[in-house]
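Here the structure comes first, spelled out in structure tokens, and everything after it is commentary.
Only heavy atoms go into these numbers, but all of them, side chains included; no hydrogens, no water, no symmetry mates.
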Amino acid sequence: GGATIDEASLPLGDALRTLGRVGGASARELVLHGGEAYELLFCCSDAQPGLNLPVTRVGTIDAAPGLRLRGVDGTVRELETRGHVHFGGTV
């Protein structure tokens, strides 16, 4: 299987936006490809009684293989695999 990430649902806080401006990357690029642990990502069904945690749904797990990004305009495209490999440079 694979997954589709909804760009409009990505949590982009003010501190991340500032970091992106200073470093020359957009907050969206940092979240998708920055290489640092931004937020914990996990999968669960929609119905999680008693979870009592602040969570943000950022996408769905799909039957189709690969990773996709649904843009704020609704278009879906394949998401390029990039990032940092610790002790080995970049992907």
Side-chain angles (χ1 to χ4, degrees):
T4 301
I5 298 171
D6 292 313
E7 183 177 6
S9 298
L10 293 172
L12 305 175
D14 291 338
L16 184 67
R17 292 177 196 278
T18 300
L19 180 63
R21 282 193 299 272
V22 171
S26 71
R28 178 185 156 278
E29 287 295 311
L30 289 173
V31 168
L32 294 173
H33 307 291
E36 290 298 323
Y38 177 62
E39 288 197 8
L40 180 63
L41 180 65
F42 65 94
C43 299
C44 67
S45 66
D46 284 335
Q48 291 297 315
L51 189 57
N52 295 327
L53 294 173
V55 296
T56 303
R57 181 179 179 169
V58 296
T60 56
I61 300 298
D62 308 317
L67 185 58
R68 290 159 296 283
L69 180 69
R70 179 176 295 111
V72 293
D73 63 357
T75 59
V76 177
R77 65 175 176 85
E78 291 295 315
L79 186 59
E80 178 185 357
T81 303
R82 296 189 332 216
H84 182 77
V85 178
H86 293 281
F87 308 111
T90 58
V91 174

Looking at V58 and S9, what are the two nearest heavy atoms and their distance? CG1-O, 3.7 Å
Tell me the closest heavy-atom pair linking A3 and I61, and the distance in Å. CB-CD1, 4.0 Å
Rounding to 0.5 Å, atoms CD (E80) and CG (L69) come to a distance of 12.0 Å
From L67 atom CG to E78 atom CD, the distance as rounded to the nearest 0.5 Å: 8.0 Å
Could I get the full list of salt bridge (charged side-chain N to carboxylate O under 4.0 Å, His left out) partners for R57, not counting sequence neighbours? D46
Say whether, by atom type as modelled, one donor and one acceptor occur between the side chain of D73 and the main chain of T75 under 3.5 angstrom. yes
